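These numbers come from the heavy atoms of this one structure, side chains and all, not from hydrogens, waters or symmetry mates. Model, not experiment: these values are computed from the prediction.
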Amino acid sequence: MNNKDLTPFVATHPGEMIRDELKERGMTQKRLAEEMSVKPSVLSETINGKRPVSKNVAIALEKALGIPAEIWMNLQSQYELDKARISERDCSHETFSVTIPTKDKSLFQDLVRKFGWACL
């Protein structure tokens, strides 16, 4: 099986898993940040995908949630790989020219708007 066959449509940041875990436990971000001994802003940025799960955050999550740090680090690594593969996949599309005779120019404008087609 080819790695491109396993590439997801979008990459899932580990922060989404943290968010899901908080919801399931009925826990607030503020409480988790306190239990992890990290600034609430660090946790918020991580949950919102603006910051990666560092090894220190992974260890703090392990202590606070009981989920091994290796899982958090693996989720972060998978996220980075997925982003790279998605970028590679999206850049590798072949392009070709097609001429479609029509008198209705609004049809072309609709195709460009809806599908990102470029017509010259």
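- With rounding to the nearest 0.5 angstrom, the CG atom of L75 is 10.5 Å from the CG atom of L61.
- Among all heavy-atom pairs drawn from M36 and A64, the shortest one is CG-CB, 3.7 Å.
- Taken from CG in L43 to CZ in R31, the straight-line distance is 13.0 Å, to the nearest 0.5 Å.
- With rounding to the nearest 0.5 Å, the separation of CG in L81 from NZ in K83 is 11.0 Å.
- Between T28 and L22, the shortest heavy-atom contact is O-CD2, 3.9 Å.
- In terms of heavy atoms, Q76 sits closest to P14 at OE1-CG, 3.3 Å.
- With rounding to the nearest 0.5 Å, the separation of CG in L32 from OG in S44 is 11.5 Å.
- Paired with W72 under the rule side chain to side chain contact (heavy atoms under 4.5 Å, CB included), one option of I67, I59, V57 passes, and it is I67.
- A33 and P40 make their closest contact through CB-CA, 3.9 Å (heavy atoms, listed as atom of the first residue, atom of the second, distance).
- L65 and M73 are not part of a single hydrophobic cluster, where members link through side-chain heavy atoms under 4.5 Å apart.
- Using a 3.5 Å distance cut-off with no hydrogens or angles, the side chains of Q78 and D82 do pair a donor with an acceptor.
- The hydrophobic cluster containing M27 also contains I71, counting ILVMFWY residues as joined when their side-chain heavy atoms lie under 4.5 angstrom apart, directly or transitively.
- Side-chain atoms of E62 and E70, non-hydrogen and from C-beta on, do get closer than 4.5 Å to each other.
- Expressed to the nearest 0.5 Å, how far NE2 of H13 lies from OG1 of T46 amounts to 6.5 Å.
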